[in-house]
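Below is one structure, written out as structure tokens, with a few remarks after it.
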Number of protein chains: 2
Amino acid sequence: MNDSGGNAERKRPRRPSQERTSQRDPERTRAAILEAATREFAENGMGGARVDAIAERAGTNKRMLYHYFGDKEQLYLKVLEEAYVGIRTAERALHIGDRSPEEGIGELALFTWRYFLQHPEFLSLLGTENLHRARWLRQSIRLKELHSHLIGELSEVLEQGKKQGVFIETADPLNVYLTIASLGYFYLSNQYTLSTIFGRDLIEPTHLNAWERHIVHVTLASIKR
Amino acid sequence: MNDSGGNAERKRPRRPSQERTSQRDPERTRAAILEAATREFAENGMGGARVDAIAERAGTNKRMLYHYFGDKEQLYLKVLEEAYVGIRTAERALHIGDRSPEEGIGELALFTWRYFLQHPEFLSLLGTENLHRARWLRQSIRLKELHSHLIGELSEVLEQGKKQGVFIETADPLNVYLTIASLGYFYLSNQYTLSTIFGRDLIEPTHLNAWERHIVHVTLASIKR
DNA sequence: CCATCAAGTAACTGTTTAGTTACCGGCTTG
DNA sequence: CAAGCCGGTAACTAAACAGTTACTTGATGG
């Protein structure tokens with residue numbers, strides 16, 4: 001019905017073939033799309049992110065995006081998975097069991113805070129995923145074992161501290177991690193509304209450093225005997 | 001140009017006028033739209049919320065929504081403002097200065113946790129607003145003074161505690177509030193990803209109660225001498 | 001008892017969006 | 001050295017969307 005121009009011959013849009021530095025590089029294109037998608041999803045959420053915007057940011061076009069990642073949802077899941085792999089990988093390199101229990105926990109708190117500070121896009125992605133009740137993360141089975149290492153190592157450090165009599169007996173590994181993550185996550189992810197309603201610029205270096213010390217202080221105060 | 005059907009007479013879509021319980025009630029319609037909008041924005045964020053969906057949830061139509069609230073952005077801001085008024089109003093009724101300093105802080109921690117627990121839509125709205133860097137909240141001037149009361153009252157309680165020698169001298173009102181809010185906000189707003197990756201159902205009553213006690217414990221441990 | 005205005009309805013419009021299709025061209029390999 | 005595959009482009013399409021318009025209904029005061 002709306003087939004404007006009923007003639008059979010279809011005009012093909014013969015491109016002018018102007019001298020282009022085409023440089024085919026699948027890996028680079030793929031990586032560029034993933035990075036552009038990370039930024040776009042972090043800035044606008046799943047609902048607000050635009051596929052066209054991702055393609056443009058990556059210096060390519062939608063066709064390649066669908067070619068490599070299937071569709072918007074699969075691309076989003078890939079971005080989320082990579083973000084988790086990023087923090088858990090960096091965390092493993094810490095080896096918090098190598099120091100005294102107290103230093104180990106302090107080290108983990110400092111690392112987590114600084115990682116959050118340097119990776120705001122990770123916090124944004126978590127926020128978006130939780131808005132949707134982990135709808136996409138739930139589909140990712142391979143991620144489960146990624147996080148068990150953290151709890152295992154943390155558990156060992158706490159046990160050692162209890163044996164040495166420096167930590168209280170009720171200290172729980174998941175609770176300790178949630179405490180550390182809470183204090184870092186809320187301060188950073190909610191900095192915009194907090195700065196607005198309380199009239200204090202939370203991202204200023206002085207306040208940032210004070211909060212870093214505060215996190216370590218609170219975490220240790222909550223488990224020390 | 002695209003004026004399909006060149007005849008001057010316009011077909012008017014004469015509605016069948018079937019027995020309807022129309023009940024005109026501006027206040028109720030307005031309130032219904034606001035409540036429907038709160039749920040829709042909380043569930044889908046600013047980008048994901050649909051104006052049609054809000055109208056349908058409210059049992060009315062888009063025309064009324066635009067009539068009462070201007071446009072989608074103004075409606076969203078109204079929803080956000082009302083959410084803040086809600087928690088700050090309930091907070092004022094606490095009068096944390098009436099008890100001992102230690103009890104007062106514990107009371108505030110408990111209240112905040114329980115309010116967050118009972119108002120998940122408030123947490124969602126905060127998350128959405130922060131994703132957009134407080135873009136809409138910043139436009140709301142009248143909200144600034146709403147929050148100063150909280151910090152003022154909290155400050156008095158801390159000072160009293162310091163005089164009595166039960167709190168450390170470095171205890172800061174904003175830091176204390178941020179600590180309480182962090183521990184409540186993160187646990188609830190990130191419960192979906194956390195439950196998924198750590199394989200523990202955080203919303204289960206047992207764990208919920210344990211975390212409530214944990215918040216009070218951590219908050220007090222961080223400021224007690 | 002009718003003129004007026006506010007409450008309310010539903011179809012419409014221009015734009016944006018995710019996803020698709022038709023086509024191009026350089027590199028590898030049989 | 002040609003054939004076809006893979007990386008790449010741009011225009012297209014159907015659906016969804018925010019916002020508008022043309023119109024109806026009911027209440028009220030002069």
Side-chain angles (χ1 to χ4, degrees), chain A residues 1-5 8-34 36-37 40-41 44-77, chain B residues 1-5 7-33 36-37 40-41 44-77:
Chain A
M1 195 58 91
N2 55 1
D3 188 16
S4 60
E9 226 56 1
R10 190 183 176 81
K11 270 279 155 57
R12 45 203 168 134
R14 185 164 285 284
R15 196 160 47 79
S17 166
Q18 57 191 1
E19 231 65 13
R20 68 178 62 250
T21 51
S22 72
Q23 253 127 299
R24 297 177 160 220
D25 191 339
E27 266 323 300
R28 211 171 54 134
T29 301
R30 215 190 115 95
I33 291 173
L34 206 57
E40 177 73 10
F41 282 125
N44 303 103
M46 175 62 180
R50 297 291 159 244
V51 171
D52 290 274
I54 294 170
E56 202 191 325
R57 284 178 115 143
T60 179
N61 57 69
K62 279 195 292 187
R63 178 64 223 273
M64 290 295 94
L65 190 156
Y66 284 98
H67 181 245
Y68 288 122
F69 297 98
D71 63 10
K72 190 185 180 183
E73 301 198 11
Q74 287 178 66
L75 173 59
Y76 168 78
L77 180 55
Chain B
M1 195 59 91
N2 54 1
D3 188 17
S4 60
N7 52 348
E9 228 52 308
R10 193 183 173 83
K11 272 277 159 52
R12 47 212 167 124
R14 184 165 286 283
R15 199 158 46 77
S17 168
Q18 56 190 1
E19 231 66 11
R20 69 178 61 252
T21 51
S22 72
Q23 253 126 302
R24 295 178 160 217
D25 191 339
E27 266 324 299
R28 209 172 56 133
T29 302
R30 214 189 116 96
I33 292 172
E40 176 74 11
F41 282 125
N44 303 102
M46 175 63 181
R50 299 289 160 245
V51 172
D52 290 274
I54 295 169
E56 203 191 325
R57 283 178 115 143
T60 178
N61 56 69
K62 278 195 290 186
R63 178 62 223 271
M64 290 295 95
L65 190 154
Y66 284 98
H67 181 244
Y68 288 121
F69 297 98
D71 62 8
K72 189 184 180 184
E73 300 199 11
Q74 287 178 68
L75 174 59
Y76 168 77
L77 179 56

Any residue meeting side chain to side chain contact (heavy atoms under 4.5 Å, CB included) with B:A58, in chain and number order, not counting sequence neighbours: B:A32, B:I33, B:A36, B:T60
Partner residues of B:E56 under the side chain to side chain contact (heavy atoms under 4.5 Å, CB included) criterion, sequence neighbours left out: none
Side-chain N,O (B:T29) to OP1/OP2 (C:dG8) below 4.0 Å: yes
N-O pairing of B:R57 and B:E40 below 4.0 Å: yes
Separation of A:Y68 OH from A:Q74 CD (nearest 0.5 Å): 15.5 Å
Rounded distance [0.5 Å steps], CG in A:L77 versus CZ in A:F69: 11.5 Å
A:K72 NZ to A:L65 CG distance, which is reported to the nearest 0.5 Å: 10.5 Å
Strand-adjacent residues in residues 57-67 of chain A, judged by heavy atoms under 4.0 Å from DNA chain C: A:K62, A:R63, A:Y66
Side-chain N or O of A:Y68 closer than 4.0 Å to phosphate OP1/OP2 of D:dG8: yes
Those residues of residues 47-56 of chain A lying under 4.0 Å from DNA chain C by at least one heavy atom: A:A49, A:R50, A:V51, A:D52
Terminal helix-axis angle for the helix from C:dC1-D:dG30 to C:dG30-D:dC1, with five pairs defining each axis and rounding to 10 degrees: 10°
Separation of A:R30 CZ from A:H67 NE2 (nearest 0.5 Å): 11.0 Å
Length of the line joining A:N44:CG and C:dT16:C1', which is rounded to integer Å: 14 Å
Rounded distance [0.5 Å steps], CG in A:L75 versus CD1 in A:I54: 5.0 Å
Those residues that, when tested against A:D71, pass salt bridge (charged side-chain N to carboxylate O under 4.0 Å, His left out) (two or more places apart): none
